[in-house]
Amino acid sequence: MEKLLVVDFGSQYTLLIARRAREVGVYAEIVPYYKLPPEPEPGVKGVIFSGSYASASEGPPLPEGWLGRLPALAICYSAQWVAAHYGGAVIEGERREYGPAKLLITDSSPLFAGVAQGSTVWMSHADTITALPAGAHPIAATENIPYAAYEWPEKKLIGVQFHPEVSHTAYGPQMLENFLRRYCGYTAHWRPEDTIEALVQDLRAAMPEGQAVCALSGGVDSTVAALLAYKAIGERFHGLFVDTGLLRKGEREAVLQAYAQIGLPVQLIQAEEAFLKALKGITDPEEKRRRIGHVFIEVFERAARSIPDVRYLIQGTIYPDVVESGASVAPTIKSHHNVGGLPEQLPFALVEPLRLFFKDEVRRLGQKLGVPESFLQRHPFPGPGLAVRILGEVTPERLRTLREADARFIETLHETGWYDRVWQAFAVLLPVSTVGVAGDNRAYGQVVALRAVLSTDGMTAEPSPLPYEVLLRTTQKILQEVPGITRVVYDLASKPPATIEWE
Ligand code: XMP
């Protein structure tokens, strides 16, 4: 099968490069520079070298054995590294460029077929190329730099100092497609949904006998992983849905109904009491997470062990998790705390059918497998559930209050057509009381914060520009219908510096 390798030197955009290549129909995988095999494997017709957090003089070397063997696109750091190490020159730190720039195409190169002169490209670099290696020639500049892009035919290399993978680069997908099809000669039009049959066959081979369990969360990833496994091994598949008591209003029913509708066999495990007991009196957020994780493993393990001959654990791990947890070169920006840590603790072989897919690709697999659109478009919901949205102690009463307030917000977003226009939205119950009036008296009530964000992957986020009317309507509903709440506020913080959840 045709495959593109994206070699990671620690750029924050490496995942995006692979995603963009796949979006134009070329299957791409990421390899950290230090794991690159000495020879390209069959099917690999091209390579993209990523940017890096490092500077050209200090960063890791490009694999010289690969240069000139097959077409390569070197982005930012990699383009500079080549210039610096093959007789050109780079100055460091003096002409930092960040943000949009105007692309001035100076040579008609196939890279720019269909790309408009003067279009925007995205810059993010501190070093700048000041001279090219002998044999390389510039093909584009910007107002600030002379070598925005260059070609070095003898090395089959194109270097760009801008980032074609970032959505702010107007013709980024076009340039990537030009590189992949015109230089590398990729012809396939890879689509995630065409891989379902092969995935199912692989799963069947990976689980030849015995039973498999899967912890379903109601989220897209676990649902799609489960469906694939069910298709592969039928009755030997056992889905388990744990009601932690930390779910949103009506969530358990909605999720189970959706599973029934798509024909996935799922057993409900009611464990609210165990979770609430473990959380009693606990206010420290990390301690809450620890305890929830612990109870989850206990409950899940007990249920799994009650099924005879379980040998496999199916998980909906997706590509960004895989890259972040193992292959990534960059210093870790965020450590994710998924509930449970199931794999290390359980004596089952781990099966991860989605480990090479991006979220949007998982959605496409889901569509093809018949998962209803409403289910695929659900906002992400954290494993520890409402416990991270109740600041302070989690009690049955505070859970009830938050559930009702959250439901009013979500329902208003649906009614006003905003649900699908935000990436994630929810209510948070704050641990303060605030003064209000009830009749002629001062009465102390609680505060709810509303959070609605725009994001693509949860790594960064912006507050969603919800219209004033939507916020007002939500507030009125909450104040009128949820006892104990006297104040509602809207969170306008971006991530960073804030996070999405309040914890
Ligand atoms: P933060 O709060 O870190 O959240 O900005 C980023 C995204 O991750 C979700 N989140 C979680 N998801 N288990 C999950 O599956 C968790 O423990 C967890 N904590 C946060 C959060 O809802 C947001 O979408």
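A quick note: this is a predicted structure, and the numbers were derived from the prediction, not measured. When a ligand or atom number is given, it counts from 1 through the structure's own listing order. Reckoned from all heavy atoms, side chains included, excluding hydrogens, waters and symmetry mates.
- Heavy-atom neighbours of Lys477 NZ from other residues, nucleotides or ligands within 6.0 Å: above the threshold of 12.
- Polar contact check, Pro380 against ligand 1: no nitrogen or oxygen pair lies under 3.5 Å apart.
- In terms of polar-atom proximity, defined here as any N/O pair under 3.5 Å, Glu503 makes no such contact with ligand 1.
- Relative ring orientation between Phe9 and Tyr33 is described as parallel, the plane-to-plane angle staying below 30° on a 0-90° scale split at 30° and 60°.
- In summary, the atoms of ligand 1 found under 4.0 Å from a heavy atom of Gly458, numbered by their order in the structure, are 6 (C).
- Proximity to Lys495 (heavy-atom distance under 4.0 Å) selects the following atoms of ligand 1: 1 (P), 3 (O), 5 (O), 6 (C).
- Dense packing is recorded around CD of Glu253, with more than 12 heavy atoms of other residues, nucleotides or ligands lying under 6.0 Å away.
- Within the structure, ligand 1 has Trp423 among the residues with a heavy atom less than 4.0 angstrom away.
- Among Arg289, Arg389, Lys288, the single residue meeting the side chain to side chain donor-acceptor pair (under 3.5 Å) criterion with Glu503 is Arg289.
- When each atom of ligand 1 is checked for a heavy atom of Arg289 under 4.0 Å away, the hits are 16 (C), 17 (O), 18 (C), 19 (N), 20 (C).
- The contact set between ligand 1 and Gly383, taken as ligand atoms under 4.0 Å from a residue heavy atom, comprises 13 (N), 14 (C), 15 (O), 16 (C).
- Those atoms of ligand 1 that come under 4.0 Å of a heavy atom in Thr499, given as number and element, are 1 (P), 2 (O), 5 (O).
- Taking the six-membered ring where tryptophan is involved, the planes of His414 and Tyr419 are essentially parallel, since the angle between them stays under 30° and well short of 60°.
- For the residue pair His238 and Gln211, a side-chain donor N or O sits within less than 3.5 Å of a side-chain acceptor on the partner.
- Where the criterion is an N or O separation shorter than 3.5 Å, residue side chain and backbone included, Arg389 fails it with respect to ligand 1.
- Arg248 and Asp406 are not joined by a salt bridge, as no carboxylate oxygen comes within less than 4.0 angstrom of a charged side-chain nitrogen.
- Close approach to Pro384 involves these atoms of ligand 1, each under 4.0 Å from a residue heavy atom: 13 (N), 16 (C), 17 (O).
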